[in-house]
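Below you'll find the structure, written out as structure tokens, and then a few comments.
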Number of protein chains: 2
Amino acid sequence: MKTIKISEAVVRRLPIYLRFLNELSKKNISTVSSQDLGQKLDLNPAQIRKDLAYFGEFGKKGIGYDVDYLIEKIRQILKLDKVIPVALVGAGNLGRALCNYNAYLRDNMKIVAVFDAQPSKIGESINNLKVKPMDELVEAIRSLQVRIGIITVPAVEAQQVADQFVHAGVEAILNFAPVIIRVPGDIRVHHADFTTELQSLAYYLD
Amino acid sequence: MKTIKISEAVVRRLPIYLRFLNELSKKNISTVSSQDLGQKLDLNPAQIRKDLAYFGEFGKKGIGYDVDYLIEKIRQILKLDKVIPVALVGAGNLGRALCNYNAYLRDNMKIVAVFDAQPSKIGESINNLKVKPMDELVEAIRSLQVRIGIITVPAVEAQQVADQFVHAGVEAILNFAPVIIRVPGDIRVHHADFTTELQSLAYYLD
DNA sequence: TAGATTGTTAATCGATTAACAATC
DNA sequence: TAGATTGTTAATCGATTAACAATC
């Protein structure tokens, strides 16, 4: 199956398809063509067909794609067909925002533990989770079988949090701190940094 | 000068260079080669040289780049050499996080106004800014000469906030809501959506 | 001078788009 | 059947990387 390497660009588009398909499903729209999708998502229809075709034949010639079936398939591809336990370190505003966000999503991404180094934060309740101290991180992550770690601490602390995540055995990290973190090659890291996002936006001002 | 179209990929790397150069400057490191940069940022040195060469000859053959000079130049390219007034709509946790973030950055990106539709939020103080009601948005944006708008409201409200931003005359929008917003072609929109970020990360789990 | 490193051209690599036979 | 739309191959486009003359 996964003999051909799927490019990161393709993988990044899948959640966008998924989100829009979910909207269609909610509106009881049962079928969609690559053309419809392309129009709504500002993408080339051929690209959408090609993206999906990497993973299987999900459409019907002359008809298009069955919305609910495609949702199911994309969820499978993204491994969102079962709950993925997530841990978060950094119970500041951003961490809190992510935890709450989490609540109203049918994502199967579930934040199951929140940690902070600051004593004043320990024990605080965020979205039904009590903030835990850092020295409980490794054990909690192991017992809860956390697979993804989210870092929302200041830049100077990000690397050591990453190290602890790796030590505890997470498979992937989403880093919001404005710094590049180093991890072993088998751990996937995505950087979500709005500073750089905002700065690159400035370039396009007249 | 800007006869050649600079690709988005290049523009997105500039803030990353800038951030690292700022770190070097803080450590009183005065010169850096494309090789050094490439190593630290996980990028090909040739790519870094090429990126920079789009905008001018900033380096010295045999020596490398003067850190402070390059910082100055990249800031100019990104238009960060003068303050850019920014407005934010949505005074939730995420909005608050961005405002505070803002505070400890030497960015020249300055959030100068915060708005929210909820009456309970109006008048709240966030990082020395009072949250204003939506009906003051257009006037405030005009009088403060806001150039970039940030959207941190729920998905269903994002489009109408975008419309108001456009009406008020912002030149670019950074949208954190998990929905694609439509704006006239001369307005630049960047989407910063951690849902899709997190979901694409799941793909790489074993 | 010798060694290092840039700026830039040419080569490679990969991603996007067009086109169309297959077929619902 | 006729019209529509997929899956896929081929063509195009663009971005990355290698290589090297210029030169500090």
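Per chain, numbering begins at 1; letters A, B, ... match sequence-line order.
One atom, CZ of A:F58, and another, C1' of D:dG7, lie 12 Å apart when rounded to the nearest Å. Atom CD of A:Q39 and atom P of D:dT5 are 12 Å apart (whole Å). Rounding to whole angstrom units, CG of residue B:L52 and C1' of D:dT17 are separated by 16 Å. Atom CZ in A:F55 sits roughly 14 Å away from atom P in D:dT8 (whole-Å rounding). Rounded to whole angstrom, the span from the CG atom of B:L41 across to the P atom of D:dT16 amounts to 14 Å. Spacing between atom CG of A:L70 and atom P of D:dG7 amounts to 10 Å, rounded to whole angstrom units. Regarding A:E8, its CD atom lies at a distance of 16 Å from the P atom of D:dA15, rounded to whole Å. Atom pair A:K61:NZ and D:dT5:C1' shows a separation of 9 Å (rounding to whole Å applied).
Among B:N93, B:L98, B:L94, the one residue that satisfies the side chain to side chain contact (heavy atoms under 4.5 Å, CB included) test with A:N93 is B:N93.
Base pairing in DNA chain C gives the following stems of 3 or more Watson-Crick or G-U pairs, range against range and under 3.5 Å: C:3-24 with D:3-24.
Listed nucleotides D:dA19, D:dG7, D:dT16 differ in distance to B:A9; the shortest reach to its side chain belongs to D:dT16. Proximity note for B:S33 (side chain, C-beta onward) versus C:dT6, D:dA18, C:dT17: the nearest is C:dT6. Out of D:dA15, D:dT6, C:dA18, the shortest distance to the side chain of B:S7 is found at D:dA15. For B:K50, counting side-chain heavy atoms from C-beta on, the closest listed nucleotide (C:dT23, C:dT5, C:dT8) is C:dT8.
Among residues two or more places apart in sequence or in another chain, the side-chain hydrogen bond (donor to acceptor under 3.5 Å, both in side chains) test is passed with A:D42 by B:R182.
Within the 4.0 Å cut-off from OP1 or OP2 of D:dT6, at least one side-chain nitrogen or oxygen of A:S34 is found. One finds no side-chain N or O of A:Y65 lying less than 4.0 angstrom from the OP1 or OP2 phosphate oxygen of D:dA4.
Comparing A:R49 and A:G62, the nucleotide of DNA chain C nearest to each residue sits closer to the 5' end for A:R49. Each of B:N44 and A:I63 has a nearest nucleotide on DNA chain D; the 5'-most of these lies closest to A:I63.
Look at A:E57 and A:K73 and you find no salt bridge, because none of the NZ, NE, NH1 or NH2 atoms lies under 4.0 Å from a carboxylate O. Salt-bridge check for B:D51 with B:R13: passed, with a basic side-chain N closer than 4.0 Å to an acidic carboxylate O. With salt bridges taken as basic N to acidic carboxylate O contacts below 4.0 Å, one links B:R96 and B:E124.
A cation-pi arrangement is not found for B:K60 relative to B:Y65, the charged atom failing to lie both closer than 6.0 Å to the ring centre and inside a 45° cone about the ring normal.
Remark: the backbone N or O of B:T196 is not paired with any side-chain donor or acceptor of A:R12 at under 3.5 angstrom.
Across all strands, A:Q47 comes closer than 4.0 Å to base atoms (heavy-atom distances).
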